[in-house]
Amino acid sequence: MRLSQTLFGVDFQNPVLLAAGTCGFGEELQDTLDLDALGGIVTKSVTLEPRAGNPAPRLVEAGNAMLNSVGLANPGLERVCAEKLPWMKEHLSRIQVLLSVAGHTPEEYWRIVEGLESVGGFLGYELNLSCPNDTRLGGVPFALDPDALTRVVQGAQDLTDRPLLVKLAPNVPDIGPIAEAAEEAGANGITLVNTMPGLVIDIASGSATLGAGSGGLSGPALRAVGVHAVHRARAHTSIPLVGVGGVSAAEDAIQYLMAGASLVQIGTATFADPRTAQRVARDIARYGEKMGIEKIEDLIGTYQAEHRPVPVSEAR
Ligand code: SIN
């Protein structure tokens, strides 16, 4: 099966990307995996100022999941422009690079986009509007407030011709209308979903196991939530979708593709096996060959929600 596809005007050699916050800026994983074998990467979120991050421990187990509160640790805009972008330009020319951007205010997002634009050398942006560990000043994350989301996206669109994706949060009653608001604001793509807010308490000490208290839940427990979010967003929008949450095998990625995602991201699973993304891409191709599917586009969005009416006799 042909895995490559054209999206946002460029070629993705396969549909598997590494998720924001799990691969640094690529350089950090260069000795561990073959970055050229990926569809692309999404960098750690870039903030205006450097962030040291939250107190340890930043990652803990939470049943069939992981809970994190890293606190957006990153070198900040200036050093990303001076050190990370030049490295990525030189070493990541075969794969697609999206820069994740996070801020406390709309103006912070816009200043970061402006700064990154002045250097260039990457495909586009994934606006992180949904970090559960570092909320917007004076409010809930932007992704929980369609008006705030619209303001950030519209302002960022005015500053760049590059594709602008927005990353949404799972903890909303219905993600469909939020995805619709993102498209109407000018987003070129939507990533679904960020982690789910969670808390693990150590009952011996009565304290949270994470240094920061609560955090964001990821891993297998998030997968069905993510697949459902993609399915709902697909029903409300026509722009490309990117599925993330609980992908560790081709079977997981294929669910996202069938629900309507054009690309998938691997996050938590990379921590256990850094070569997960390569394996998932290879096994998607094997699945396609087994099923007689010629190209990845023929798999995307093939899930149709079934309407199963309850027979009248059973409903009584
Ligand atoms: C973090 O750095 O705390 C996580 C970022 C995110 O989930 O958006």
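Every number for a ligand or one of its atoms is a count from 1 in the order of the listing. Because only heavy atoms are used, hydrogens play no part in the values below, and waters and symmetry mates are left out as well, while side chains stay in. Not measured: the values here are computed from a predicted model.
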Anything under 30° is parallel, anything over 60° is perpendicular, the rest tilted; go ahead and classify H231 against H228.
-> tilted
Is there a side-chain hydrogen bond (donor to acceptor under 3.5 Å, both in side chains) between N133 and N54 once you walk through the steps?
-> CA-CA 9 Å; N133 306 328; N54 286 338; 5.9 Å; no
Ignoring hydrogens and angles, state whether a donor on the side chain of Y125 or E117 is under 3.5 Å from an acceptor on the partner side chain.
-> yes
Going through the distances and angles, do E183 and N188 end up as a side-chain hydrogen bond (donor to acceptor under 3.5 Å, both in side chains)?
-> CA-CA 7 Å; E183 181 175 19; N188 306 103; over 6 Å; no
Evaluate the criterion salt bridge (Lys or Arg N to Asp or Glu O under 4.0 Å) for residue pair D34 and R275; output intermediate values, then yes/no.
-> CA-CA 8 Å; D34 179 12; R275 279 186 287 270; over 6 Å; no
R94 side-chain N/O to A37 backbone N/O, donor-acceptor pair under 3.5 Å | no
For ligand 1, run through the N/O pairs with the protein that fall under 3.5 Å and put one pair on each line.
from     : atom 1 : to   : atom 2 : distance (Å)
ligand 1 : 2 (O)  : K44  : NZ     : 2.8
ligand 1 : 2 (O)  : G71  : N      : 3.4
ligand 1 : 2 (O)  : L72  : N      : 2.7
ligand 1 : 3 (O)  : V70  : N      : 3.0
ligand 1 : 3 (O)  : G71  : N      : 2.7
ligand 1 : 3 (O)  : N133 : ND2    : 2.7
ligand 1 : 7 (O)  : N194 : OD1    : 3.0
ligand 1 : 8 (O)  : N128 : ND2    : 2.8
ligand 1 : 8 (O)  : N194 : ND2    : 3.1

